[in-house]
Amino acid sequence: MSFDDERVRFYFRHREQIEQWAALRSEAAAAVDEWMTQLAPDIEELAKSLGPDVRVRAITSADQAYPSYRLTRASWGFGDADDPPACVALEWLRARTTMRGGSTPYVGLRATKTHPVGATLRASEQVRQARLARKDNASAWWVAYAYVMPAADFPSGADGYRDALRDALRAVWEAYATNVDIACREQPPR
């Protein structure tokens, strides 16, 4: 790069406005955070539709770097733990979710690989097959997860995106909850 590059010269000619626009990123992420926390009633409604023993734990306080809605089944034996050994969750990164690329909310089966239930889930052939069929990602914290991208008109289409998040969370529950039932029978939570 040099000062002869037109893109560099463009930046210097418009740097004040470019920096002002870039600063909007944090305001947009804050608006997404607020909107996501307002989804609690929708997630509660979803949990009720999944069964009478399905519980939802909203971890959305301002001090949470990774706010989430975590679905568990009473029979899994996790009680009211904020961080259960396994759950189906909708999560996002506070102050960084700007609805593009990897900066979007994601849904999946959350279970650390170091917990026996998480290890059992990772060793399950049924989970592996479901993850492949759904094309889910995996990480140390997630047995399976996928980003849920909004339509290009977001936030104008926020209602549709709310429905998409709810549908994605339901699909993850349907794909993996039975596997958590099995894992909890094989490796009762401590």
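FYI, the numbering just counts along the sequence from 1.
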- Message: Can you list everything that forms a salt bridge (Lys or Arg N to Asp or Glu O under 4.0 Å) with Glu19? Sequence neighbours excluded, please.
- Response: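 In terms of salt bridge (Lys or Arg N to Asp or Glu O under 4.0 Å), with neighbours along the sequence ignored, Glu19 is linked to no residue.
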
- Is there a donor-acceptor contact under 3.5 Å from the side chain of Tyr66 to the main chain of Ile59?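 No, the answer is negative, given that no donor and acceptor are paired below the 3.5 Å cut-off.
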
- Query: Are the side chain of Ser68 and the backbone of Arg70 linked by a donor-acceptor contact shorter than 3.5 Å?
  - Reply: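 No, because the side chain of Ser68 does not come within donor-acceptor range (under 3.5 Å) of the backbone of Arg70.
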
Could you state the interatomic distance from [atom1] ([X]) to [atom2] ([Y]), rounded to the nearest 0.5 Å?
| X | Y | atom1 | atom2 | answer |
| --- | --- | --- | --- | --- |
| Arg162 | Gln38 | CZ | CD | 11.0 Å |
| Thr104 | Met99 | OG1 | CE | 7.5 Å |
| Arg57 | Cys87 | CZ | SG | 11.5 Å |
| Leu169 | Leu165 | CG | CG | 8.5 Å |
| His115 | Leu121 | NE2 | CG | 10.5 Å |
| Leu109 | Asn179 | CG | CG | 8.0 Å |

- Does a sphere of radius 6.0 Å around CZ in Arg25 hold more than 12 heavy atoms from other residues, nucleotides or ligands, not counting ones at 6.0 Å or beyond?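 For Arg25, atom CZ is not crowded (no more than 12 foreign heavy atoms under 6.0 Å).
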
- Task: Would you indicate whether Glu16, at its atom CD, is surrounded by more than 12 heavy atoms from other residues, nucleotides or ligands within a distance under 6.0 Å?
- Result: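 No, the 6.0 Å shell around CD holds no more than 12 heavy atoms from other groups.
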
- Message: Taking side-chain hydrogen bond (donor to acceptor under 3.5 Å, both in side chains) as the cut-off, I'd like each qualifying pair that reaches into residues 91-103, sequence neighbours left out, listed once.
- Response: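 Those involving residues 91-103 are Asp33-Trp92, Glu91-Tyr106, Glu91-Arg110.
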
Should [X] and [Y] count as side-chain neighbours, where that means a heavy-atom distance under 4.5 Å?
| X | Y | answer |
| --- | --- | --- |
| Met36 | Leu90 | yes |
| Val127 | Arg131 | yes |
| Arg73 | Asp181 | yes |

- Query: Among the clusters formed by ILVMFWY side chains lying less than 4.5 Å apart, do Val8 and Phe10 turn up in the same one?
  - Reply: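 Yes; tracing contacts between hydrophobic side chains, which count when under 4.5 Å, links both residues.
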
- According to a 4.5 Å side-chain heavy-atom criterion applied to Ile, Leu, Val, Met, Phe, Trp and Tyr, with indirect links allowed, do Tyr11 and Trp21 form part of one hydrophobic cluster?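 Tyr11 does not cluster with Trp21.
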
Of the non-hydrogen atoms in [X] and [Y], which two are nearest, and what is the gap between them?
| X | Y | answer |
| --- | --- | --- |
| Tyr69 | Thr37 | OH-O, 3.1 Å |
| Thr72 | Pro84 | CG2-CG, 3.8 Å |
| Trp76 | Leu71 | CZ3-O, 3.8 Å |
| Ala175 | Ala130 | O-CB, 4.2 Å |

- Message: Would Arg134 and Glu174 count as a salt bridge (Lys or Arg N to Asp or Glu O under 4.0 Å) here? Give the steps.
- Response: CA-CA 12 Å; Arg134 290 177 39 82; Glu174 291 170 353; over 6 Å; no

Exercise answer: donor-acceptor pairs, residues 140-147 side-chain atoms, under 3.5 Å, sequence neighbours excluded:
none

Donor-acceptor pairs are to be reported for all side-chain atoms of residues 39-55 against protein atoms at under 3.5 Å, with residues two or more places apart or in another chain.
{"unit_1": "Asp42", "atom_1": "OD1", "unit_2": "Arg166", "atom_2": "NH1", "d": "3.1"}
{"unit_1": "Ser49", "atom_1": "OG", "unit_2": "Leu46", "atom_2": "O", "d": "2.7"}
{"unit_1": "Ser49", "atom_1": "OG", "unit_2": "Arg170", "atom_2": "NH2", "d": "2.7"}

- Message: Please list all pairs meeting salt bridge (Lys or Arg N to Asp or Glu O under 4.0 Å) that have one or both residues in residues 146-157, counting only residues at least two apart or in different chains.
- Response: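 Non-adjacent pairs meeting salt bridge (Lys or Arg N to Asp or Glu O under 4.0 Å): zero.
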
- Message: Just to verify, what does Trp35 make a ring-ring contact (aromatic ring centres under 6.0 Å, His included) with, not counting sequence neighbours?
- Response: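 ring-ring contact (aromatic ring centres under 6.0 Å, His included) list for Trp35, sorted by chain: Phe154, Tyr161.
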
